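Remember, predicted model here, so these are calculated numbers, not experimental data.
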Amino acid sequence: MHVFKFGGASVKDALGVKNLERVLRKVGFENTLIVVSAMGKTTNALETVLDNYFNNKKELQSSLQEVKKYHNAILLDLFEIKGEGTHSVFNKVASLFDELQNFFDRNKSPDYNFVYDQAIGYGELVSTLIVSEYLNLVGIKNKWLDVREYIKTDNYYRRANVNWEATQTAITNKLSSTVLNITQGFLGSDDNNFTTTLGREGSDYTAAILAYCLNAENVTIWKDVPGVLNADPRYFENSQLLNKISYREAIELAFYGASVIHPKTLQPLQQKEIPLFVKSFMNPEQPGTMVGKDPGIDPMIPCFIVKKNQVLISLSSLDFSYIVEENISEIFQLLHLYKMKVDVIQNSAISFSVCVDNMYNNLPNLMLHLKAKFKITCHENVSLYTIRHYNSESIAKLELSKTILLKQLTQETVQLVTQ
């Protein structure tokens, strides 16, 4: 079994969907399962819809209509054949959007995270339906699967945890590997069959979950880059291709925020030593990058990562007493309570600093709690830079023209928080 994952950039328009077909015909699709993300920037567009649902009802329908128009244009390019009428996929896609509208009309929950998960996955449902129907049209027969029937999770909405036993059972009992299967990334369902999501960029993780449960031969992630690069070309110049990376090194890079591979993706693959390939969907015959059990990286060069829009919180005791285990334990309990993802920690005798990702927008509530016991300095919208396998030249280049708020070095990694 081979597992392929195609991201949103690979299917952002009709040409992208046709290119997906080209990739399959070039590399083969026998005994394959395909995971597809939402098309283009659909997830961002649906987040705008959700924001309007909660905060600006007057704009809800217009923002939802923009999402429909975007997909309808792709449908027209792929399926509208003069003289042969309208393909049934138009009605199927319309039915999915009707489901989303019905949810908005009937929903009573004020919980943004719950509502987010029930609505956001329609991007994946629509994209996979379009891809599946198009491949059937051009002679690549396949079966469309609803991944929520297979990946079972808890109800930690927007970052759900996989119930591995239930997921393995569902996949073993329900999923046939004798046909080409196409399904969604990012999604799961809880015990009450409410939709859950695995975190942004969770489609890679979906591919790894399915590969683990299917004992797949390999996983290939098809990207708009030639493979795993040592730096994101959007933020760094002269990025280079990494030919091979060990599981451990890739997990380290993912943990620090490398955008090519989702942080959770590699763990199930490593457990069963399933190799992961990252390849270009524009040049599918090029080797790309292989992630496997071989040690280190090839070539051995500094790797640069940046995470934007972070928050740096610096605490000190009100009476100049030591920041000890009891204080640190309380701080982490609050960070957990308010769902803050911790990226960097630094402490001294009377101070404690932490750089966090405020994805749940709980910073004001956290600050109120902390101010009761600590003196606080807070810097919002900071950038966190990480260099793996750094040298003095790479650090100097990164520090140039930046205000350094925090700097931390270990044997293999340096992290800088900058304003």
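- Looking at Glu66 and Lys69, a side-chain N of the basic residue comes within less than 4.0 Å of a carboxylate O on the acidic one, giving a salt bridge.
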Practice prompt. Let me see the working for Leu366 and Met340 under side-chain contact (heavy atoms from CB on, under 4.5 Å), right down to the final yes or no.
Written response: CA-CA 9 Å; Leu366 173 65; Met340 296 288 180; 3.9 Å; yes
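- Side-chain atoms of Ser394 come within 3.5 Å of backbone atoms of Asn391 as a donor-acceptor pair (strictly under, hydrogens ignored).
- Asn31 contributes no side-chain N or O that, together with a main-chain N or O of Phe29, makes up a donor-acceptor pair within less than 3.5 Å.
- Judged purely by distance below 3.5 Å, without hydrogens or angles, the side chains of Tyr385 and Gln415 never pair a donor atom with an acceptor atom.
- Separating the CG atom in Leu75 from the CD atom in Glu133 is a distance of 10.0 Å, to the nearest 0.5 Å.
- Side-chain atoms of Thr289 come within 3.5 Å of backbone atoms of Leu242 as a donor-acceptor pair (strictly under, hydrogens ignored).
- Within the 3.5 Å criterion, the main-chain N or O of Arg148 finds a donor-acceptor partner in the side chain of Ser189.
- Counting only distance, with no hydrogens or angles, the side chain of Asp154 and the backbone of Asn161 share a donor-acceptor pair below 3.5 Å.
- Using modelled atom types, one finds no donor on one side chain facing an acceptor on the other under 3.5 Å when comparing Ser95 with Asp98.
- Between Tyr112 and Tyr116, the ring planes lie tilted relative to each other; the angle falls in the 30° to 60° range.
- Side chain of Ser239 to backbone of Asn230: no donor-acceptor contact under 3.5 angstrom is found.
- When atom types are taken as modelled, the side chain of Thr413 and the backbone of Thr410 share no donor-acceptor pair closer than 3.5 angstrom.
- In this structure, Leu214 CG and Ile274 CD1 are separated by 9.0 Å, a value rounded to the nearest 0.5 Å.
- The cationic group of Lys57 lies under 6.0 Å from the six-membered ring centre of Tyr53 and within 45° of the ring axis, placing it in a cation-pi geometry.
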Worksheet item: What do the steps show when you test Ile34 against Asn181 for side-chain contact (heavy atoms from CB on, under 4.5 Å), and what is the final call?
Response: CA-CA 6 Å; Ile34 300 175; Asn181 292 300; over 6 Å; no
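- Within the 3.5 Å criterion, the main-chain N or O of Ala170 finds no donor-acceptor partner in the side chain of Thr172.
- A donor-acceptor contact shorter than 3.5 Å is absent between the side chain of Glu59 and the backbone of Asn52.
- With hydrogens and angles ignored, the 3.5 Å screen pairs a side-chain donor or acceptor of Thr206 with a backbone N or O of Phe186.
- Note on residues 389-415: pairs passing salt bridge (charged side-chain N to carboxylate O under 4.0 Å, His left out), not counting sequence neighbours, are Arg388-Glu412, Glu399-Lys407.
- Side chains of Val414 and Thr386 form no contact here, defined as non-hydrogen atoms less than 4.5 Å apart.
- At a cut-off of 3.5 Å, with distance as the only test, a side-chain donor of Gln101 or Gln61 sits close to an acceptor on the other residue.
- No donor-acceptor contact under 3.5 angstrom links the side chains of Ser246 and Asp294, judged on distance only.
- In the model, Gln333 has no side-chain atom that pairs as donor or acceptor with a side-chain atom of His369 under 3.5 Å.
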Show the atom names and distances, to 0.1 Å, of all donor-acceptor pairs under 3.5 Å that link a side chain in residues 354-364 to residues at least two apart or in another chain.
residue	atom	partner	partner atom	Å
Asp357	OD1	Met359	N	3.3
Asn358	OD1	Asn361	N	3.3
Asn358	OD1	Asn362	N	2.9
Asn358	OD1	Leu363	N	3.3
Asn362	ND2	Tyr338	O	3.0

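- Under the 4.5 Å side-chain criterion, counting only non-hydrogen atoms from C-beta, Leu24 is in contact with Leu135.
- Annotation: cation-pi geometry satisfied between Lys341 and Phe255 (NZ/CZ under 6.0 angstrom from ring centroid, within 45° of ring axis).
- For the atom pair CD1 (Ile387) and CG (Leu398), the distance works out to 4.5 Å, reported to the nearest 0.5 Å.
- Between Phe79 and His87, the two ring planes are tilted [angle within 30° to 60°].
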Practice prompt. Please test Val35 against Phe6 for side-chain contact (heavy atoms from CB on, under 4.5 Å), starting from the C-alpha separation and ending with a verdict.
Written response: CA-CA 6 Å; Val35 175; Phe6 289 88; over 6 Å; no
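- Between Glu149 atom CD and Thr183 atom OG1 the span is 9.0 Å, to the nearest 0.5 Å.
- Here the OG1-CG distance, from Thr265 to Leu198, works out to 9.5 Å after rounding to the nearest 0.5 Å.
- A salt bridge is absent between Asp190 and Lys152: the closest approach of a Lys/Arg side-chain nitrogen to an acidic carboxylate oxygen does not fall below 4.0 angstrom.
- Ring centroid separation for the pair Phe194 and Phe114 comes in under the 6.0 Å cut-off.
- For the residue pair Ser314/Ser353, the side-chain donor-acceptor check at 3.5 Å is satisfied.
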Practice prompt. Please step through side-chain contact (heavy atoms from CB on, under 4.5 Å) for the pair Trp222 and Val278, ending with a clear verdict.
Written response: CA-CA 6 Å; Trp222 298 97; Val278 181; over 6 Å; no
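- With 3.5 Å as the limit, one finds a donor-acceptor pair spanning the side chains of Gln184 and Thr128.
- Under the side-chain hydrogen bond (donor to acceptor under 3.5 Å, both in side chains) rule, Thr197 has a single partner from Asn113, Thr153, Asp117, Thr43, which is Asp117.
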